[in-house]
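Data first, discussion second: the structure below is written as structure tokens.
Any value given below was found using the heavy atoms of this structure, including those in side chains, with hydrogens, waters and symmetry copies removed. A, B, ... follow the sequence lines: proteins, then strands. Residue 1 opens every chain.
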Number of protein chains: 2
Amino acid sequence: MATIKDVARKANVSITTVSRVINNKTEGVSEETRERILKVMQDLNYQPNRIARGLVTKRTNTLGLILPDIANPFFPEIARGVEDTANIYGYNVILCNTDDRTDKEELYINVLKEKCVDGIVFTSSVNPVSEHIKQLMDYKMPFVLLDRYMDIDHLPGVYSDGYDGMYQITRYLFEMGHRDIAYIGGPSLSATAKHRYEGFEYALREYGVGLDDVLIEEGNYKISGGKEAMARLVEKGMDFTAVACANDLMAVGAMEVLKDKGYRIPEDVSVTGFDDIQLSGLIEPKLTTVAQPCYEMGAVATRMLIKLIEGQALEEQEIKLKPRLVIRNSVKRVI
Amino acid sequence: MATIKDVARKANVSITTVSRVINNKTEGVSEETRERILKVMQDLNYQPNRIARGLVTKRTNTLGLILPDIANPFFPEIARGVEDTANIYGYNVILCNTDDRTDKEELYINVLKEKCVDGIVFTSSVNPVSEHIKQLMDYKMPFVLLDRYMDIDHLPGVYSDGYDGMYQITRYLFEMGHRDIAYIGGPSLSATAKHRYEGFEYALREYGVGLDDVLIEEGNYKISGGKEAMARLVEKGMDFTAVACANDLMAVGAMEVLKDKGYRIPEDVSVTGFDDIQLSGLIEPKLTTVAQPCYEMGAVATRMLIKLIEGQALEEQEIKLKPRLVIRNSVKRVI
DNA sequence: TTGTAGGCGTTATCAG
DNA sequence: CTGATAACGCCTACAA
């Protein structure tokens, strides 16, 4: 609770001088008085009040992290990457869960502005750009998009290359001999889902398979969605030897339904996922999937954001990190 | 970027009057001027600066959440409970990962103080109370302990009753006919691990089994620790029909080793966990375990903290939430 | 109902 | 090398 005034008084100097040593201004303070002030600060257990400092410097050293749900297994690693990196550069992180609701997103953006965060790492659920995002831009608040595209040109952002990832894993299915491949995609309005689907499509074309010959279902990126989609697929007749899922959670749901119906994985049906969340390496059979560089995405996005905040130029506006194929036991070679 | 001054000028009133409408002071402003000011605020897109406000009110409406690692599957649900509750009451949450390191814990506490958070939800890795915790108390910064005990009397805290949970599940093993039960515990200096162990011990006593007859290993609460502990157990000879693990992650590790060695679960060995993290319901066999009320713990702790902050009395200093036995497929009835 | 003035704890500017 | 002093944006007696 000691303030700069208390320190100044006790050290017999002006607050200006104390401020100088607080901020490590090398010049302008004699070694002697610096020592004295330092000692007084220790004695008084003085800690500078960042609120007061922020009021004048216009910097809070605080970032906002907006994401749908930290309890969704995809995000903790990202959050950790963000927080670690922020911490390295002397920033803290305010966590915001939007549940993919535009109103909560707006609300958080507003309080983040009111609290004068220096910037925002932003996994938006809104696309295309809506009013509150534009306001963010007008406000000149630096922000970096994370994982979710927004259909507007050249917003700084970090993504994992879903197109490439889904292409890789579909191609792997073809190489394992599969020709009849079903697909469980994400919500069709999500850009991420679209990219993954396009990667799937591209691999299909490469192997000369028409889209008409393929069963496609849509899910909500959750276990429940995978279950429902797979139930529909089963109903339509099991006219495929493999299912590519747009994320691991849906793959897990799909596998549960398949097992319940008496199908063995991968003997009867091969299944692939996307994300490589922790449980994918632990379920039986272990899921073949695509690993997203989550921690790295968080870290890279945060580094970009801090560059932006500190007025440095970005080498690239959009960074796409390549996913990595993780081959485990849920895909069987056929014929 | 508009300030209260801009609004005042444009509305032809003093900043005092504007301040009154910002803070919804019902009296002291005529309906007419209030309307006018509200309109100007809209036009100017005015948002109050919380930093400035905080400087005078001494309240930031921000909480700190200190935990070991958000990427540890135990914590996201808790964090979500904290953030949701904070949000309801108008607070934001700064996320801090300590990796169970005292130095990081100290560092975060310091910046949290400098940033004048109103209070801290705190999963400490330090026990007994060390210097920086005492400073927190001296500082009169409200805080609520979460999940980890501290050996000092009556600090406000929320815990899941590990004693009771482990008692429940051990008792369940006995009821399923098991008599030779091995135990993989947490790090012996952790109070949580101690409580769970005591619950195990108590059930043993209740069923007349001596501690000497029981194989006990210690792990680090991670998958690797479960693997290592189980490897040691196997080496000592498989003199048990069931293993109770102090958390799910170690149970998963233990199960992997058992499977690798050719044992079937639960036919050859029954395994139980503790925590009920998401993957426990998805691995094969599904793990019988004890569900911790994570989200609720976060929510309850945050409500306590906010009471503390707002000067209300706490009905209870320590709240223990009862875990819930979750029976799945990793335990077999014997004889 | 409205306004004036002082202060919150810092930093920044400019003199000495 | 050191120190007044004026901001920063807002709240809050106290006056009018």
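With sequence neighbours left out, B:K134 forms a side chain to side chain contact (heavy atoms under 4.5 Å, CB included) with B:V129, B:E131. Listed by chain and number, the residues in a side chain to side chain donor-acceptor pair (under 3.5 Å) with B:R101 are B:D103 (sequence neighbours excluded). Annotation: ring-ring contact (aromatic ring centres under 6.0 Å, His included) contacts of B:Y159 (sequence neighbours excluded): B:Y149. Take B:D138 and apply the side chain to side chain donor-acceptor pair (under 3.5 Å) test, not counting sequence neighbours, and it matches no residue. A:N12 meets the side chain to side chain donor-acceptor pair (under 3.5 Å) test with no other residue; sequence neighbours excluded. In this view, A:E31 satisfies the side chain to side chain donor-acceptor pair (under 3.5 Å) rule with no residue, not counting sequence neighbours.
The nucleotide range of DNA chain C contacted by chain B, defined by atoms under 4.0 angstrom from heavy atoms of the protein and reported 5' to 3', is C:dT1 to C:dG9.
In the helix from C:dT1-D:dA16 to C:dG16-D:dC1, the rotation axis of the first five pairs and that of the last five pairs differ in direction by 40°, rounded to 10 degrees.
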Identify each donor-acceptor pair in which a side-chain atom of residues 2-9 of chain A lies under 3.5 Å from a protein atom, sequence neighbours left out, and give them as a table.
| unit_1 | atom_1 | unit_2 | atom_2 | d |
| --- | --- | --- | --- | --- |
| A:T3 | OG1 | A:K5 | N | 3.1 |
| A:D6 | OD2 | A:T3 | N | 2.8 |

Would you tabulate the side-chain donor-acceptor contacts of residues 105-113 of chain B under 3.5 Å, counting partners in other chains and residues two or more places apart, or write 'none'?
| unit_1 | atom_1 | unit_2 | atom_2 | d |
| --- | --- | --- | --- | --- |
| B:E105 | OE1 | B:S125 | N | 3.1 |
| B:E105 | OE1 | B:S125 | OG | 2.8 |
| B:E105 | OE2 | B:S124 | OG | 2.8 |
| B:E105 | OE2 | B:H132 | NE2 | 3.1 |
| B:Y108 | OH | A:E83 | OE1 | 3.0 |
| B:Y108 | OH | A:E83 | OE2 | 2.5 |
| B:Y108 | OH | A:N87 | ND2 | 3.2 |
| B:N110 | OD1 | A:Q47 | NE2 | 2.9 |

Pairs under 3.5 Å (N/O, protein and nucleotides 8-12 of chain D):
| unit_1 | atom_1 | unit_2 | atom_2 | d |
| --- | --- | --- | --- | --- |
| D:dC8 | O3' | A:K58 | NZ | 3.3 |
| D:dG9 | OP1 | A:K58 | NZ | 3.4 |
| D:dG9 | N2 | B:A52 | O | 3.4 |
| D:dC10 | OP1 | B:Y46 | OH | 2.7 |
| D:dC10 | OP1 | B:N49 | N | 2.9 |
| D:dC10 | OP2 | B:I4 | N | 2.4 |
| D:dC11 | OP1 | B:N23 | OD1 | 3.3 |
| D:dC11 | OP1 | B:N23 | ND2 | 3.2 |
| D:dC11 | OP1 | B:R53 | NE | 2.8 |
| D:dC11 | OP1 | B:R53 | NH2 | 3.4 |
| D:dC11 | OP2 | B:S19 | OG | 3.0 |

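Residue order along DNA chain C, read from the 5' end via each residue's closest nucleotide, puts B:T17 first among B:T17 and A:V18.
The list of salt bridge (charged side-chain N to carboxylate O under 4.0 Å, His left out) pairs with a residue in residues 68-82 of chain B, not counting sequence neighbours, reads A:D69-B:R80, A:R80-B:D69, A:D99-B:R80, B:R80-B:D84.
Atom CD of B:Q312 sits in a crowded spot, with more than 12 heavy atoms from other residues, nucleotides or ligands closer than 6.0 Å.
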